[in-house]
Amino acid sequence: MKIKDADSIKRLAESSRQLLTPSVPRIAVGMSSCGLAAGAQSVMEAFQVECGRQGVECRIVATGCLGFCGAEPLVEILLPGKAAFVYGPVEENRCADMVAELREGRLPRDNLLGRREVGGAEIEDVPPLSDHPFYKGQIRIVTRNLGLIDPGSFEEYVACGGYQALAKALGAMSSEQVIDEIKSSGLRGRGGAGFPTGLKWEMTRKSPSSPKYIIMNGDEGDPGAYMDRSLMEGDPHALVEAMIIGGYAIGAQTGILYVRAEYPLAQKRLREAIGQAKEAALLGRDILGSGFDFDLYLVSGAGAFVSGEETALIHSVEGRIAEPDPRPPYPSEAGLYGQPTCINNVETLANVPVILDRGAEWYGGFGAEKSKGTKLFCLVGEVARTGLVEVPLGTPLAAIVHGMGGGGRGGAAVKALQTGGPSGGCIPSEAFDLPADYEALQKMGSIMGSGGLIVLSERTCMVDTARYFLKFTREESCGKCTPCREGIDYLSHVLDDIVAGKGAGVNLDAIEQVSRGIAAASLCGLGQTAPNPLMTSLRHFRAEYEAHVTENRCPAGVCSALLHISIDPQACTGCTACVAVCPVSAISGTKKEPHQVDQSLCIKCKACEDICRFNAIRVV
Amino acid sequence: MDSEIGIKTGEIAQRWKGTPGMLTGALQEIQETFGYLPEEGIRTLASELDIPLSRIFSVATFYSFFRLTPPGLHHIQVCEGTACHVLGADQLSAKLFRDLKIGDEGVSEDRLFSIDRVRCLGCCSMAPVVRIDDRTYGRVRQKNVAGILKPYLKEGDGEN
């Protein structure tokens, strides 16, 4: 169906509303990559089979991520005239009972997380989802549609108010007015550096040359961050809409969605969305009768962290190796094929339709003074409740880690938080009253980065973590400039030596000096920020480095060359489970009596620790 | 170039010709079709897209996603993201290499399995994560490995 004007969008929204609130129960299963990894596919199939078998009429849909990944698979059941109820984790073998309860008119209660109001009668004894500790304090602006709509359905996006911002921009605003609105909203780039988005648009628009290009940077390369994947998989049309608006604002007729190869589902969903928007004539010639032409292409990355850097990304789109160029000239002057190009991060773009829809003033009401709006964070690692959280910028880190995250996993003491991935640094738990905004994190020597928050506990070794990041940047360094290529290689090998127990002669001050040199002399952001994880952990956890170097000891019990694995005779029941899993037959003993580890054979794989049910394996 | 590889690559090249990102897009599709980038495919692509062979090789070897040798029947990706690392991905991949008797070349002798340690798959909340073919497994512990591999082993046995 072709959509010719703003009125037909409104009409489609009206007629599609019954998809979201049908007259029969609507069962939505979160089917993003994380849900699928937890078994959402079998859960969805079980609901389909059971509804058929028990004769219960339902509308079963696949949606995006509801955020609380730690409780995947997540399922939302919307009961007509009542509310929507969110469950997690929902195991495949529970589906039959849940459908039976629906058939009998009862509300399933197991693993019920809370209710979401949909304008019907509330069920009083079920607390709202926003009261659940994981969701308390969160605001859903960017993630407004995640987990609520079927990302494969154009109509459901429109039913949620989709493409109305586009109609407003093309129908009632000039390009300059769109830019002004984004500027006054205070929106800053969510990819890490926090450059004001409206200003970036304006600079590209004012560049004299044409054609111009707009690119969405979906090369979410930071390990430990998946906000952008969730948005691309769960709400692809919001990004298509934002790109058309962005193209209109800067004067580009071609847009490119650049998405990394590791995200096959995100690529698929965006390709479908492009196809549907084309069919609806929201891409192509004379969009909504405004005279504005715009086309959108998806370009796949191919596995290179440096592609996230703007100039490297441009080379990648051009089909070359992703090596960065010195700036200036900036992409806004000379970017893709030498033409003015604006590159925006996925999360940044996802803000655009809401800002136009509800206005800059409304948007500016959220967040901190210099950091407006909300930010998505991925709360992962050694934390009790993992997931995707959206909070106003400026929310204290403690509220995120201890409030939403519930503290350390299995009660472990939280030691630090790693922000900003391989370009960021660690923040010790003593500083968790710090607000999560661009300036505060930078002051701590870390960066906001794209939003990965990796919780490190007493079970995490800071030296090993720094080594991990340096190995990462060493492998991802494109090799063009010497400080990055050689300097990171050097640091990485020094840390390899330390964790291998060969760090006796290492001078920690010298390491810091080399780090500063790399940061000062590298060509692009990758090298300039690569020493951050090492420098910050040296600053805050120097004692851990000293334990490795001078005492040959890993206090967290991680670095295998420095470990000693033994069995606590008091706790061991002699169940022989560890004997069966030990790959090198290093464990011996009589059944029902305490066992022993032969240190000369042990390879420290910790398979015994993994299998032991009596907590008898000691790792020191 | 009328071998299967030549013909299929030719079709892929025609589909991508002239669009932004055509080189990486075409290479990706070739790899999806054959599991790797066969030399004949790269040569065909060079002439069809009129791009120097040297540039295609530089792209194919720069990006970690591309492989120039065939994978095993089942391809295992062990995520190396930070959350997975912190929660024991190293030990997990060591176990997979050990149990499947896979050496540095990354493919088992019977070519049933190959392993790659890959960049973050973005399922950090389910760490540690392993992807086998198109299916992703979350919260994988060493003790679950045997159970996860089982269906893939059976299939291989059936084919022998």
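First the proteins, then the strands, lettered A, B, ... as listed; each starts at 1. None of the values given here were measured: they were computed from a predicted structure.
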Engineer: Please state whether the side chain, the backbone, both or neither of A/D228 comes within less than 4.5 Å of a heavy atom of chain B.
Structural biologist: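 Nothing of A/D228, per the 4.5 Å heavy-atom cut-off to chain B.
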Engineer: So which residue, B/G21, B/C79, B/G25, B/A94, ends up with the most heavy-atom pairs under 4.5 Å with chain A?
Structural biologist: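 Ranked by contacts with chain A, first place is B/G21.
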Engineer: Between A/L265 and chain B, with a heavy-atom cut-off of 4.5 Å, which part of the residue counts as in contact: side chain, backbone, both or neither?
Structural biologist: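 A/L265 has no heavy atom closer than 4.5 Å to chain B.
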Engineer: What is the minimum heavy-atom distance between A/Y263 and B/L121, and which atoms define it?
Structural biologist: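 Looking at all heavy atoms of both residues, the closest pair is CE2-O, 3.7 Å.
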Engineer: Within a 6.0 Å radius of atom CZ on B/R55, are there more than 12 heavy atoms belonging to other residues, nucleotides or ligands?
Structural biologist: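 Yes, because the 6.0 Å sphere around CZ of B/R55 holds more than 12 heavy atoms from other groups.
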Engineer: Name the region of B/R119, side chain, backbone, both or neither, that has any atom closer than 4.5 Å to a heavy atom of chain A.
Structural biologist: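 The answer is both parts of B/R119.
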Engineer: Under the 3.5 angstrom rule, does the side chain of A/E220 hit a backbone N or O of B/G122 as a donor-acceptor pair?
Structural biologist: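 The answer is no, because no donor-acceptor pair under 3.5 Å joins these two groups.
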Engineer: On a heavy-atom basis, which atom in A/R229 and which in B/C123 lie closest, and how many Å separate them?
Structural biologist: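 The answer is NH2-CA, 4.3 Å.
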Engineer: At a heavy-atom separation under 4.5 Å, does A/Q267 approach chain B through its side chain, its backbone, both, or neither?
Structural biologist: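 For A/Q267, the contact with chain B is made by the side chain alone.
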Engineer: Looking at A/L379, A/L453, A/V380, which hits side-chain contact (heavy atoms from CB on, under 4.5 Å) with B/C124?
Structural biologist: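 For B/C124, the side-chain contact (heavy atoms from CB on, under 4.5 Å) check succeeds only for A/V380.
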Engineer: Looking at A/P264, A/C478, A/P223, A/P422, which has the largest count of heavy-atom pairs under 4.5 Å with chain B?
Structural biologist: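 Winner by heavy-atom pair count: A/P223.
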Engineer: Can you name the nearest heavy-atom pair linking B/F65 to A/A261, along with the distance?
Structural biologist: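 Residues B/F65 and A/A261, closest heavy atoms: CD1-CB, 3.6 Å.
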Engineer: Do B/S64 and A/E475 come within less than 4.5 Å of each other through their side chains, counting heavy atoms only?
Structural biologist: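 B/S64 does not reach A/E475 side chain to side chain.
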Engineer: Can B/E80 and A/K471 be counted as an ion pair, charged N to O under 4.0 angstrom?
Structural biologist: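 Looking at B/E80 and A/K471, the cut-off is met.
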Engineer: Please report the shortest heavy-atom distance between B/Q142 and A/C605, naming the atom on each side.
Structural biologist: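 Here B/Q142 and A/C605 meet closest at NE2-O, 2.7 Å.
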Engineer: What residues of residues 82-90 of chain B sit under 4.5 Å from chain A when you count only heavy atoms?
Structural biologist: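 So the qualifying residues are B/T82, B/A83, B/H85, B/V86, B/L87, B/D90.
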Engineer: State whether a side-chain donor-acceptor pair under 3.5 Å links A/S307 with B/Y63.
Structural biologist: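 No, B/Y63 and A/S307 have no side-chain donor paired with an acceptor closer than 3.5 Å.
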Engineer: Heavy-atom distance under 4.5 Å to chain A: side chain of B/R141, backbone, both or neither?
Structural biologist: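 Both backbone and side chain of B/R141 come within 4.5 Å of chain A.
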Engineer: Under 4.5 Å from any heavy atom of chain B, what part of A/V306 do you find: side chain, backbone, both or neither?
Structural biologist: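 Interface part for A/V306: side chain.
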Engineer: Can you tell which part of A/F305 gets under 4.5 Å to a heavy atom of chain B, answering side chain, backbone, both or neither?
Structural biologist: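 Neither part, no heavy atoms under 4.5 Å.
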Engineer: With a 4.5 Å cut-off on side-chain heavy atoms, are A/E72 and B/R139 touching?
Structural biologist: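 In short, these two side chains do not touch, never coming nearer than 4.5 Å.
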Engineer: Anything in residues 103-110 of chain B with a heavy-atom distance to chain A below 4.5 Å? Please list those residues in order.
Structural biologist: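 Listed by number, there are no contacting residues, so the answer is none.
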Engineer: Flag the one option from A/G381, A/G479, A/S316 with the top tally of heavy-atom pairs under 4.5 Å to chain B.
Structural biologist: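 Sorted descending by pairs with chain B, the first entry is A/S316.
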Engineer: Taking all atoms of both residues into account, what is the closest heavy-atom pair of B/M126 and A/C69, and its distance?
Structural biologist: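 In terms of heavy atoms, the two residues are closest at SD-O, 3.9 Å.
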Engineer: Quick check on A/T460 against chain B: is it the side chain, the backbone, both or neither that has a heavy atom closer than 4.5 Å?
Structural biologist: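 Just the side chain, heavy atoms under 4.5 Å.
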Engineer: How close do A/A302 and B/T24 get, heavy atom to heavy atom, and via which atoms?
Structural biologist: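 Nearest heavy atoms, A/A302 then B/T24: CB-CG2, 4.4 Å.
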Engineer: Heavy-atom pairs under 4.5 Å with chain A - which of B/Q91, B/Q31, B/M22 has more of them than the others?
Structural biologist: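 Option with the top pair count is B/Q91.
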Engineer: Between A/R385, A/R320, A/K606, which residue shows the highest count of heavy-atom pairs closer than 4.5 Å to chain B?
Structural biologist: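 Maximum pair count with chain B is reached by A/R320.
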Engineer: Ion pair present between A/D610 and B/K143, side-chain N to carboxylate O less than 4.0 angstrom?
Structural biologist: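 Judged by the 4.0 Å cut-off on N to carboxylate O distance, A/D610 and B/K143 do not form a salt bridge.
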Engineer: With a 4.5 angstrom heavy-atom cut-off, is it the side chain or the backbone of A/R409 that approaches chain B, or both, or neither?
Structural biologist: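 For A/R409, the side chain is the part near chain B, not the backbone.
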Engineer: Give the member of A/S33, A/A304, A/A607 that has the highest number of heavy-atom pairs under 4.5 Å with chain B.
Structural biologist: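 Top option by heavy-atom pairs under 4.5 Å: A/A607.
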Engineer: Do you know which of B/R131, B/Q77, B/K95 has the most heavy-atom pairs with chain A at a distance under 4.5 angstrom?
Structural biologist: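 Most heavy-atom pairs within the cutoff with chain A belong to B/R131.
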Engineer: Measuring heavy-atom distances to chain B, does A/I256 have an atom under 4.5 Å in its side chain, in its backbone, in both, or in neither?
Structural biologist: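 Side chain only.
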Engineer: Answer whether the closest heavy-atom distance between the side chains of B/S125 and A/F68 falls below 4.5 Å.
Structural biologist: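 Of all side-chain heavy-atom pairs linking A/F68 with B/S125, none is under 4.5 Å.
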Engineer: Output the option from A/C34, A/A322, A/A577, A/G224 having the highest count of non-hydrogen pairs under 4.5 Å with chain B.
Structural biologist: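 Among the listed options, the one with the most contacts to chain B is A/A322.
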